[in-house]
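As structure tokens, the structure follows; a few thoughts come after it.
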Protein chains: 2
Amino acid sequence: MTTQMLIELIAVLTAVRDDVPQVMTIDHGRLLPSGPLESTHRSLQAGVRAWVERQTGHPIGHVEQLYTFADHDRLLGAEQGRMIAISYLALTRSHAGETGWRDWYDYFPWENCKTDAGRDCLTIIERLLCKWVAGMDNAAMRVRQWQRCVTLFAIGDMVAWNDELVLQRYELLYEAGLVAEAGCAPESTVPGRAMHHDHRRILATGMARLRAKIRYRPVVFELMPEEFTLLQLQRVMESLSGVHIHKQNFRRLIMQQQLVEETGGIEENTGGRPARLYRFCGEVRQARQFVGTKIPLVQP
Amino acid sequence: MTTQMLIELIAVLTAVRDDVPQVMTIDHGRLLPSGPLESTHRSLQAGVRAWVERQTGHPIGHVEQLYTFADHDRLLGAEQGRMIAISYLALTRSHAGETGWRDWYDYFPWENCKTDAGRDCLTIIERLLCKWVAGMDNAAMRVRQWQRCVTLFAIGDMVAWNDELVLQRYELLYEAGLVAEAGCAPESTVPGRAMHHDHRRILATGMARLRAKIRYRPVVFELMPEEFTLLQLQRVMESLSGVHIHKQNFRRLIMQQQLVEETGGIEENTGGRPARLYRFCGEVRQARQFVGTKIPLVQP
DNA sequence: CTGACTTATACTCAATATGAGCATAAGCGG
DNA sequence: CCGCTTATGCTCATATTGAGTATAAGTCAG
């Protein structure tokens, strides 16, 4: 009846360096840190921590579960039984000169619509999707799938770009055969680095979760240094979400939510007027544990 | 190295009957439908569907993953290996005269602050928590834990009740030794039915997820009949969230989001003026797949 | 048939939140 | 000094939200 199971733990470990969100990888950027659950692991989280630290030498902070997979793809041979993957999102602060870190947007250039490179990538995608839809037999199907392309990739500015749909966009590209993981020809592939197995898909899940979460929980501060200026905070939010923020409104919102307090320090190297330094209010966070970090996001 | 694993699938199957949210149970309300993942199951979701239908005879609709557990409690004997539980939230429509359905609030009476019974229960809890905190040695700990009680249970109306913190509240009561699952004496137990293992905790997870999700995704309609009046929709939202809604504002929000359309039909048995019947707009939902169902919730 | 009571539906109004921009401050390098 | 940068304070129109009033259209008791 019950077959033997192999449980794999996979981590999307994220940090921000020089305003660029990064993910920890192994195998030259082709795999996320991962390994089987062992009997010595006291819990799933402990197992994730153990594997990440063993493979990358990097200790991790905040950890939360993402998703558990057991797809057809993950079926091993009949003798070995089934494979189940439990994925986690982990956040951490600095990382001076460690290897294994890669930019998020090396894997998902189209998610970085703030930059010209991202917009160029979206132009390519739009063309390829158009071709994909045009090649369908069924007219109703064509309409339906084009509608999907339009909403997911905000084609033709009838729909606004939704930064949280990272996974849905990746899955559409996969279905359309435009990513290397789908086994397509290199010339019809969208820009962006591929990964082994379904690790890029898991990375997409983690990015989506983080983009969603920074909007209603003060998790950004897990990625910030102890002291920071408001512009630094804003740049981190922008790079994570891939969307511009109106500076004055951002400050207003952060201040009125009382998530940060002045340290009294001053950052001089701003390139302009010196900026006040702030720190995250851990105490207030304890008291009103469940407030959000609303951010005024603006379209590019 | 790797030990043998037993994967258990657990479902929080929810429906609404007569404006009361209900959960499907087995073993006289002491367990959620559950069973081991078998090699015949094509996927995890398929396994959940199979177990629920086998144990309850009820086919299920919308399914989404909740959480994967592998706590210490779930460690089997050294020979058998470890046990992992993957829990799912499932939604379904009607259920005429089936057995196994139990009210949510039989297990979590304090979550139903709309009713007098719920408010009475909260009074009892407040007293018991007060006693629990008072019995602590460490003064700093006393302050910290009382702060936690105040925010989670909205004691003393400095903090507003947050209906999404179902799990956090249950965990606080567990820590305080006020629920039967914590192995406490029956006389110092908070009202509410217990369950075997950690199934009540999993139910709390499902309730919290659903309460959170109805705010930003049109999932309520999975629980509604084909046609309904706006008051019926409102009552379902209220009973799920356990919070009152301002009637006129609710209508305004639902209408302006264009989530529903008139069927042309009229419901006569309202006890007052007859009401128009509506249906969920599936087509619009397809087009703008990712809009939310904002609801204007009001404190009691 | 009338009046009390129910629910349905339309509309108003004030308080707040949000998006966008202006203005001034305070550093830099020439 | 000027022109550049970023920081920070403030205004203003608009949108969203919370709360209430007003009216419509049924039921039921007498």
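Convention: sequence-line order gives letters A, B, ...; per-chain numbering from 1.
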Separation of C/dA20 C1' from A/I245 CD1 (nearest whole Å) = 15 Å
Side-chain contact test, heavy atoms from C-beta onward, threshold under 4.5 Å: evaluate it for B/V243 versus B/K114 and give yes or no.
-> no
Rounded distance (Å) that lies between atom P of D/dT17 and atom NE2 of B/H244 = 21 Å
Can you tell me how far P of D/dT21 sits from CG of B/N249, to the nearest Å?
-> 14 Å
Nearest atoms (heavy-atom pairs only) where B/D163 meets B/V166 = O-CG2, 3.5 Å
Could you check whether B/L230 gets within reach of a base, just the sugar-phosphate, or nothing at all, counting any heavy atom under 4.0 Å?
-> nothing
Between A/L253 (CG) and C/dA17 (C1'), how many Å, whole number?
-> 9 Å
Which of residues 266-278 of chain A sit near DNA chain D, with a heavy atom under 4.0 Å from it?
-> A/T270, A/G271, A/G272, A/R273, A/P274, A/A275, A/R276
Taking only the side-chain nitrogens and oxygens of A/K247, find out if one of them lies under 4.0 Å from OP1 or OP2 of D/dA7.
-> yes
Rounded distance in Å - CD (A/E262) to C1' (D/dT8) | 11 Å
How long is the line joining CE of B/M255 and P of C/dA10, in whole Å?
-> 7 Å
Within this structure, what is the CD-to-P distance between B/Q256 and C/dA10, rounded to whole angstrom?
-> 14 Å
Should the pair A/R279-A/E261 be classified as a salt bridge under the 4.0 Å nitrogen-to-oxygen rule?
-> yes
Which is it for A/W101 and A/V23 under the side-chain contact (heavy atoms from CB on, under 4.5 Å) test, yes or no, and what are the steps along the way?
-> CA-CA 5 Å; A/W101 292 104; A/V23 60; 5.6 Å; no
When rounded to whole Å, the NE2 to P distance for the pair A/H246 and D/dT6 reads 15 Å
What pairs of residues pass the salt bridge (charged side-chain N to carboxylate O under 4.0 Å, His left out) test when at least one of them lies in residues 94-111 of chain A, not counting sequence neighbours?
-> A/E111-A/R169, A/E111-A/R211
Confirm from the modelled atom types if B/R252 and D/dG18 form a donor-acceptor pair under 3.5 Å, side chain to base only.
-> yes
A/I254 side, atom CD1; A/F250 side, atom CZ - distance, nearest 0.5 Å | 4.0 Å
Do B/Q145 and B/R148 have side-chain atoms, one donor and one acceptor, less than 3.5 Å apart?
-> yes
